[in-house]
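Comments concern the structure below.
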Amino acid sequence: MRFTRAIVRPPADGFAAGITSSGLGPPDLTLALEQHEAYCRTLERLGVAIVKLDPDPDFPDSTFVEDTAIVTGRGAMLTRPGAASRTGEVAAVGAALRGWFPQPAEIAAPGTVDGGDVCEVGRHFFVGLSERTNREGAAQLAGWLAGHGFSASVIDIRGMPGLLHLKTGLSWLGELRLLAAGEIAEHEALRGWEIVRVPEGEAYAANCIRVNGALLVAGGMPATSALLGGLSYQLVPLEMSEFRKMDGGLSCLSVRW
Ligand code: GLY
């Protein structure tokens, strides 16, 4: 799929008040803004037009726009994020998305879904059952996907250490190949897929995004970069230190279509 647009939202004052379990200390907002700008410039260089929402200090996690919407080649769905402090983030992303998808579907209570738990792999979607995405939300999403000709399978990541979202530990590299870290790599739902395992000590590198022929990867992950470079991907390393401190990865920073 060739991406032409992405919604992004720079981190706001108060970014450090967002949810985190990283233990890496508070983020530096100035540096986060620089890293966000580099991310946006990279997407633009790859042919993606950026739709930039204003930062919103009322929602410290709102830079992680991916959690608020799922966009496929056949329609869009607004989520209902699993963290109460994040539910209000959906409105602004929904307003922007309606410019292209006038009537997006919506996850309804008591369902919850975070977009970070939704991994598109062509005509199929892996949906993570997590502390953010519940069974009801996953079922609503799977039903909506089925109505649009997509299949879905659920991967329960609750209890897998270090995973906030499914895509914290799993990314699609294209065709039948996945990048996976830790326990996810062994999950039966991935049988039949070629798994590229993230080298020991670089689990954060599991979250990467393929955009128009390039593979955006987190900087400072030499073993993973060497592994992926050896598989002939055109790597674009991006510094993500300040988003990592807030449990965010490359995919979290945009809604792409
Ligand atoms: N800080 C990102 C999240 O917890 O959703």
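Counting starts at 1 for both ligands and their atoms, following the listed order.
Using a 4.0 Å cutoff on heavy atoms, Thr20 does not count as a contact of ligand 1.
One distance of note links CZ of Arg158 with CD of Glu131; it measures 7.0 Å at 0.5 Å rounding.
Between Phe64 and ligand 1, not a single N/O pair is under 3.5 Å apart. Checked against a 3.5 angstrom limit, the closest N/O atoms of Leu164 and ligand 1 fall outside it.
Proximity of Asp61 to ligand 1, defined as any heavy-atom pair under 4.0 Å, is confined to the side chain (atoms from C-beta onward).
A donor and an acceptor atom, one from each side chain of His124 and Ser153, are located under 3.5 Å apart.
Checked for salt-bridge contact, Glu89 and Arg9 miss the test: no charged N lies under 4.0 Å from a carboxylate O. Between Asp67 and Arg86, at least one side-chain N (NZ, or NE/NH1/NH2) sits under 4.0 Å from a carboxylate O, which counts as a salt bridge. Taking the charged nitrogens against the carboxylate oxygens, Lys52 and Glu37 do have a contact shorter than 4.0 Å, which makes a salt bridge.
Among all non-hydrogen protein atoms, the one lying nearest atom 4 (O) of ligand 1 is Arg132 NH2, 2.7 Å. Closest to atom 5 (O) of ligand 1 among all protein heavy atoms lies Arg86 NH1, 2.6 Å.
Using a 4.5 Å cut-off on side-chain heavy atoms (C-beta onward), Thr168 and Asn207 make no contact.
In the vicinity of Met246, heavy-atom distances shorter than 4.0 Å reach the ligand 1 atoms 1 (N), 2 (C).
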